Amino acid sequence: MPGGSSGGSAAAVASDQCLGAIGSDTGGSIRQPAAFCGVVGLKPTYGRVSRYGLVAFASSLDQIGPITKTVEDAALLLNIIGGHDPLDSTSADIDLPDFTASLSEGIGEIRIGVPDEYFIEGLDPEVESAVRTAIKLLEKEGASVKPISLPHTGYAVSTYYILATSEASSNLARYDGVKYGFRAEAGDLMEMYLRTRAQGFGPEVKRRIMLGTYALSAGYYDAYYKKAQQVRTLIKQDFEDAFSEVDVIVTPTTPTPAFRVGEKISDPLQMYLNDIFTISANLAGTCAISIPCGFSSSGLPIGFQIIGRPFDEETVLRLAGTYERETDWHMRRPEL
Amino acid sequence: MRISEGDVEHIARLARLELDPEERRRYTEQLSDILNYIDELNELDTSSVEPTSHVIPIKNVMRDDLPQPSLPLDEALGNAPQRKGNFYRVPRIID
């Protein structure tokens, strides 16, 4: 399977149905499918791209970004979609550089941090080996590499699944069958709401709405929602501390290559744990890119992730561009 | 944290979701599993940590208070499942 949730975009790019595509990334939905499909996926910094017109899932985490065949294409698309928009108050009113300008500059004195917490039990050995090889190549190109720690990484999945589902339960309240979209037949208004939403949403969306509603409900708000917001602060501080020592952080994008259709669907928790390496960038509001760095022995693409400081997409793209020039993984496609 | 089918029924009502008995059973089990996992957050002492609701420090973004055209009525009502005149039409609210 192509991954998700912007798996359609990634599959369309990988199968040459288009030059590039747009995805939306709340916890990895651009980067994970890009890694699974062997293409480039960039989640810009929160606020870099207007969310106007995007169906809101978790408003404090959602960000739109490009899925492309090359790093240069990602830079070109970001030039077009980036910048302040009066119709999205959370889009940042700061300068938009030409992201293609620095692509050919080489990586210079970039300091790369490699967090211990991302090379853990459960990480597929072939993924680990491909990512470590990529890091060695970047070192050869002149980057300095040092181990770092992001100590609250292990709590990111829990934090994310409280905050994202809480925000989603509120955002998706608009699908009530009154103003637009599907409406189920019913005798009175309450029954119409209950049936419209029961029939209109799929099982995963319902599960998330239920979890979010629970976390926000009377008596549980402090224990779940506020607690998760506090842990989010700790995760954000981890990144701020790390970025005082290094310029970028390099990690695997996903713990494993693509899994089979239906393989994880019966165990939602296992499925959520697959997002373990991508969600922290959303919680901390940083930018991050996934680029191809190899194939597994069964022929599935592997990607690695470069996480940059907020609004420093230039450095991330420059490093990714250097890697891409020195390798040809992005030119290869998995057999179907 | 283990939740009961009654809790699930209550949450479903708050979320305006009608569940069949099978869904109620399944969500009771799955939400309990997820909440159990999430309880790991209690390992962290956050008593002196400020909550983060948003990564960019912005608040109350205002535009100038000038009259301007808003969404035309026909566009606003254009996607409604049912309309009546200038209103959204919904099933009976009062007996």
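Naming: A, B, ... by sequence-line order, numbering from 1 per chain. Everything numeric here is computed off the predicted structure, so don't read it as measured data.
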Sort A:A215 into side chain, backbone, both or neither according to what part of it lies under 4.5 angstrom from a heavy atom of chain B.
-> neither

Name every donor-acceptor pair, under 3.5 Å, that has one atom in a side chain of residues 85-92 of chain B and the other anywhere in the protein, sequence neighbours excluded.
| unit_1 | atom_1 | unit_2 | atom_2 | d |
| --- | --- | --- | --- | --- |
| B:Y88 | OH | B:A76 | O | 3.1 |
| B:R92 | NH1 | B:D95 | OD1 | 2.7 |

Nearest-0.5 Å distance that lies between atom CZ in A:R31 and atom CD in A:Q305 | 5.0 Å

Is it the backbone or the side chain of B:L44 that comes under 4.5 Å from a heavy atom of chain A, or both, or neither?
-> both

Heavy-atom proximity to chain B below 4.5 Å, by part of A:Y175 | neither

Are the charged groups of B:E18 and A:R197 less than 4.0 angstrom apart, N to O?
-> no

Specify the closest pair of heavy atoms between B:R63 and B:L66, including all atoms of both residues, with the distance to one decimal.
-> NH1-O, 3.5 Å

Given that the side chain runs from C-beta out, which part of B:L41 has a heavy atom under 4.5 Å from chain A: side chain, backbone, both or neither?
-> both

A:N282 versus A:R232, side-chain donor and acceptor atoms under 3.5 Å | no

Chain B: which of A:T213, A:L194, A:V178 shares the most heavy-atom pairs with it under 4.5 Å?
-> A:L194

Checking B:L77 against chain A: side chain, backbone, both or neither under 4.5 Å from a heavy atom?
-> neither

Is A:E240 paired with A:K236 through a side-chain N to carboxylate O contact shorter than 4.0 Å?
-> yes

Side chain, backbone, both or neither of B:E40 within contact of chain A (heavy atoms, under 4.5 Å) | both

Between A:D176 and A:Y193, is there a donor-acceptor pair closer than 3.5 Å when you use the side chain of the first and the backbone of the second?
-> no

Closest non-hydrogen atom pair, A:I279 against A:G27 | CG2-O, 3.1 Å

Part of A:M192 lying under 4.5 Å from any heavy atom of chain B | side chain

Could you tell me which portion of A:L273 (side chain, backbone, both or neither) has an atom closer than 4.5 angstrom to a non-hydrogen atom of chain B?
-> side chain

For the residue pair A:G82 and A:L96, what are the closest heavy atoms and their distance?
-> O-CD2, 3.5 Å

Look only at the side chain of A:D25 and the backbone of A:Q63, and say whether a donor-acceptor pair between them is shorter than 3.5 Å.
-> no

Between A:H84 and A:S91, what is the shortest heavy-atom contact and its length?
-> CD2-O, 3.0 Å

Residues 4-13 of chain B vs side chain to side chain donor-acceptor pair (under 3.5 Å), sequence neighbours excluded, gives B:S4-B:D7, B:E9-B:R24

Carefully, step by step, assess B:E29 and B:R25 under the rule salt bridge (Lys or Arg N to Asp or Glu O under 4.0 Å).
-> CA-CA 6 Å; B:E29 195 168 313; B:R25 212 165 31 246; over 6 Å; no

Would you please test A:D62 and A:T26 for side-chain hydrogen bond (donor to acceptor under 3.5 Å, both in side chains) and show each step?
-> CA-CA 4 Å; A:D62 294 341; A:T26 306; 2.5 Å; yes

Interface moiety of A:T90 toward chain B, non-hydrogen atoms closer than 4.5 Å = both

Using a cut-off of under 4.5 Å for heavy-atom pairs, which of A:K206, A:K226, A:E185 has the most such pairs with chain B?
-> A:K206

Relative to chain A, which segment of B:N42 carries a heavy atom at a distance below 4.5 Å: side chain, backbone, both, or neither?
-> both

Among B:V61, B:D39, B:I38, B:I34, who wins on heavy-atom pairs under 4.5 Å with chain A?
-> B:I38

Polar contact flag, side-chain donor to acceptor under 3.5 angstrom, A:D275-A:T278 = no

Any donor-acceptor pair under 3.5 Å from A:D95 side chain to A:P97 backbone = no

Going by an N to O cut-off under 4.0 Å, is there a salt bridge joining B:R83 and B:D74?
-> yes

On a heavy-atom basis, the closest approach of A:D88 and A:Y52 is CB-N, 4.2 Å

Among A:Q237, A:E191, A:M190, A:H152, which residue forms the greatest number of heavy-atom pairs with chain B at distances under 4.5 Å?
-> A:M190

For chain B, the option from A:T233, A:V157, A:L283 that forms the most heavy-atom pairs under 4.5 Å = A:T233

Quick one: which residues of residues 44-51 of chain A reach chain B at under 4.5 angstrom, heavy atoms only?
-> A:Y46, A:G47

Which one of A:T286, A:I209, A:L211, A:T196 has the most heavy-atom pairs closer than 4.5 Å to chain B?
-> A:L211

Where on A:Y224 is there a heavy atom nearer than 4.5 Å to chain B: the side chain, the backbone, both, or neither?
-> side chain

Where does B:L31 contact chain A at under 4.5 Å (heavy atoms): side chain, backbone, both or neither?
-> side chain

Ranking A:G187, A:A186, A:S217, A:A92 by heavy-atom pairs under 4.5 Å to chain B gives rank one to A:G187

So which bits of residues 160-173 of chain A come within less than 4.5 Å of chain B, counting non-hydrogen atoms only?
-> A:I162

Look at the side chain of A:S5 and the backbone N and O of A:S29, then say whether any donor-acceptor pair between them is shorter than 3.5 Å.
-> no

Checking heavy atoms, do the side chain of A:P203, its backbone, both or neither come under 4.5 Å from chain B?
-> both

Answer with side chain, backbone, both or neither: which region of B:Y27 has an atom nearer than 4.5 Å to a non-hydrogen atom of chain A?
-> side chain

Check the side chains of B:T46 and A:Q230 for a donor-acceptor pair under 3.5 angstrom, ignoring hydrogens and angles.
-> yes

